[in-house]
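As the structure is a computational prediction, the values presented were derived from the model and not from experiment.
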Amino acid sequence: MNLKEYKNSVEMNKKEQQAIDFLRSMERDDPMCLGFSGGKDSVVILDLAERSGIKYNASYANTTVDPPGTISFIKKNYSQVQILHPKKSFFQLVESKGLPGRMRRFCCEKLKEQYGIGQRTIEGMRAEESQSRALYEPEQCDVRKWMKGAKHILPILNWSEVDVWNYIRKYGLPYSKYYDAPYNLSRHGCVGCPLAGCKQMQTEFKIFPGYARRMIVAIERYMNNKPNNALAKNFSDPHEAFYFYINEMPMQDVRRLKKGLFHFNAKEVIQKEILNRIE
């Protein structure tokens with residue numbers, strides 16, 4: 001081990017101990033919740049919770065749009081995690097509510113966040129993931145009224161992505177196959193989440209075209225059930241609405257495409273670029 005590797009090892013050991021000490025300092029009489037997604041960060045916080053010896057209850061909220069095989073991966077490798085199933089799937093929510101968005105996160109509320117209402121929950125959020133998370137404290141209060149005083153306990157808030165992978169490799173922790181080739185996903189979460197950005201959405205739907213097909217069917221049902229809604233009024237068919245969704249396009253750009261010289265056909269584009277790909 002050279003000097004640089006030695007310093008990195010010492011720094012990593014320090015971060016591990018700080019995270020464990022923090023979790024122990026957060027322990028109360030009642031067990032804390034631990035939100036497990038099956039992603040790399042949740043794999044790490046689960047192991048840290050185990051090593052800290054604290055009381056906790058780990059659960060996975062089945063969003064019904066996580067990468068295929070996520071539940072079997074969890075059952076095989078992390079049997080201490082309880083699987084929670086929703087009353088309605090993501091696609092059923094789209095059928096009744098339409099498309100989610102950055103400012104319209106009904107899917108998160110119904111499929112994940114409801115389990116944290118009023119709870120102290122250990123989570124794998126990290127500061128480097130976004131500008132808003134960079135402002136978080138390790139014990140972050142949830143200010144939304146409907147969350148009823150929930151608190152987010154964030155033991156790896158100051159860890160980098162490199163730290164996370166170093167920890168996983170150091171302890172030989174099982175992790176999702178979708179981080180590796182041929183998938184090479186940078187995140188593990190709901191397929192096509194609008195919070196991830198349009199490029200990531202398109203990449204994920206290309207990898208999992210079955211979810212794209214189900215999404216288009218759900219959009220069509222929503223448009224048929226509510227003919228006066230914005231989607232039904234602005235789009236000729238569900239493929240157009242889906243194209244708009246995965247490209248995060250302003251409506252004026254969609255209209256320009258449809259009126260252009262090249263006779264834009266969303267169904268043909270979606271069929272060629274996404275639906276005809278092999279899962």
Side-chain angles (χ1 to χ4, degrees), residues 32-43 45-46 56-75 78 81-125 129-130 132-133 140 142-154 176 178 185 187-198 200-201 204-205 207-208 210-222 225-226 231 241-242 245-246 248:
M32 283 186 282
C33 299
L34 187 148
F36 190 86
S37 68
K40 63 185 187 302
D41 299 319
S42 63
V43 163
I45 62 170
L46 182 66
Y56 72 91
N57 296 316
S59 61
Y60 163 74
N62 177 17
T63 65
T64 69
V65 280
D66 280 329
T70 296
I71 291 178
S72 59
F73 163 76
I74 294 172
K75 287 182 176 179
Y78 299 101
V81 177
Q82 181 186 9
I83 310 294
L84 304 175
H85 298 287
K87 294 180 180 178
K88 287 186 176 182
S89 73
F90 170 78
F91 301 104
Q92 288 174 317
L93 290 175
V94 171
E95 288 177 21
S96 60
K97 295 178 176 291
L99 292 169
R102 294 178 185 273
M103 304 303 294
R104 212 170 164 260
R105 299 170 62 242
F106 60 80
C107 42
C108 291
E109 294 176 10
K110 296 293 184 182
L111 300 173
K112 293 194 294 188
E113 294 170 351
Q114 63 167 318
Y115 301 111
I117 294 175
Q119 303 290 330
R120 298 169 69 245
T121 304
I122 303 167
E123 299 171 22
M125 287 186 278
E129 292 177 305
S130 68
S132 60
R133 291 183 178 184
Q140 181 71 28
D142 198 312
V143 297
R144 294 171 294 181
K145 289 184 179 180
W146 67 276
M147 288 299 289
K148 299 180 180 178
K151 290 187 178 181
H152 307 277
I153 310 301
L154 312 176
S176 169
Y178 294 113
L185 289 180
R187 61 180 287 276
H188 181 98
C190 299
V191 172
C193 175
L195 295 179
C198 60
Q200 185 68 27
M201 291 170 69
E204 292 175 0
F205 279 125
I207 295 173
F208 309 112
Y211 282 164
R213 294 187 190 96
R214 293 178 66 186
M215 188 73 165
I216 291 167
V217 169
I219 294 170
E220 183 174 31
R221 289 175 179 170
Y222 176 72
N225 293 337
K226 300 183 178 181
L231 291 185
F242 181 70
Y245 177 66
I246 65 172
E248 298 181 333

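Residues P67 and Y211 approach most closely at C-OH, 4.3 Å, considering heavy atoms. Here the closest non-hydrogen pair linking G38 and S42 is N-OG, 3.2 Å. Annotation for S37 and T70: closest pair O-CG2, 3.9 Å, computed over non-hydrogen atoms. Heavy-atom minimum distance, C193 versus M201: O-CG, 3.4 Å. Here the closest non-hydrogen pair linking V81 and L46 is CG2-CD2, 4.1 Å. Here the closest non-hydrogen pair linking F205 and G192 is CE1-CA, 3.6 Å.
Counting heavy atoms from C-beta on, the side chains of M215 and F90 come closer than 4.5 Å. Looking at K112 and T63, their side chains come closer than 4.5 Å, going by heavy atoms from C-beta outward. In this structure, Y245 and P100 have side chains that are in contact, with non-hydrogen atoms separated by less than 4.5 Å.
For the atom pair CG (L185) and CD1 (I207), the distance works out to 4.0 Å, reported to the nearest 0.5 Å. Of the inter-residue distances, the one linking L93 atom CG with Y222 atom OH reads 12.5 Å to the nearest 0.5 angstrom. R221 contributes atom CZ, which lies 12.0 Å from atom OG of S96 (distance to the nearest 0.5 angstrom). Separating the CG atom in L84 from the CG atom in L111 is a distance of 11.5 Å, to the nearest 0.5 Å. Interatomic distance, CD of E95 versus NZ of K226, reported as 11.0 Å (0.5 Å rounding). To the nearest 0.5 Å, atom CZ of residue F36 and atom CG of residue D41 are 11.0 Å apart.
In this structure, Y78 has its ring center at least 6.0 angstrom away from the ring center of Y60.
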Kindly determine whether R187 and E204 satisfy salt bridge (charged side-chain N to carboxylate O under 4.0 Å, His left out), including the steps that lead there.
CA-CA 10 Å; R187 61 180 287 276; E204 292 175 0; 2.7 Å; yes
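Formation of a donor-acceptor pair under 3.5 Å by the K40 side chain with backbone atoms of S176 is not found in this model. Using a distance-only test at 3.5 Å, with no hydrogens or angles considered, a donor-acceptor pair links the side chain of D66 to the main chain of C190. At least one donor-acceptor pair under 3.5 Å links the side chain of Y178 to the backbone N or O of P68. No donor-acceptor pair closer than 3.5 Å links the side chain of Q200 to the backbone N or O of G197.
No more than 12 heavy atoms of other residues, nucleotides or ligands lie within 6.0 Å of NZ in K110, so this atom counts as exposed by the packing criterion.
Contacts of Q140 classified as side chain to side chain contact (heavy atoms under 4.5 Å, CB included), with partners at least two apart in sequence or in another chain: Y136, E137, H152, L154.
Applying the salt bridge (charged side-chain N to carboxylate O under 4.0 Å, His left out) rule to pairs touching residues 97-108 yields R102-E248, R105-E113, sequence neighbours excluded.
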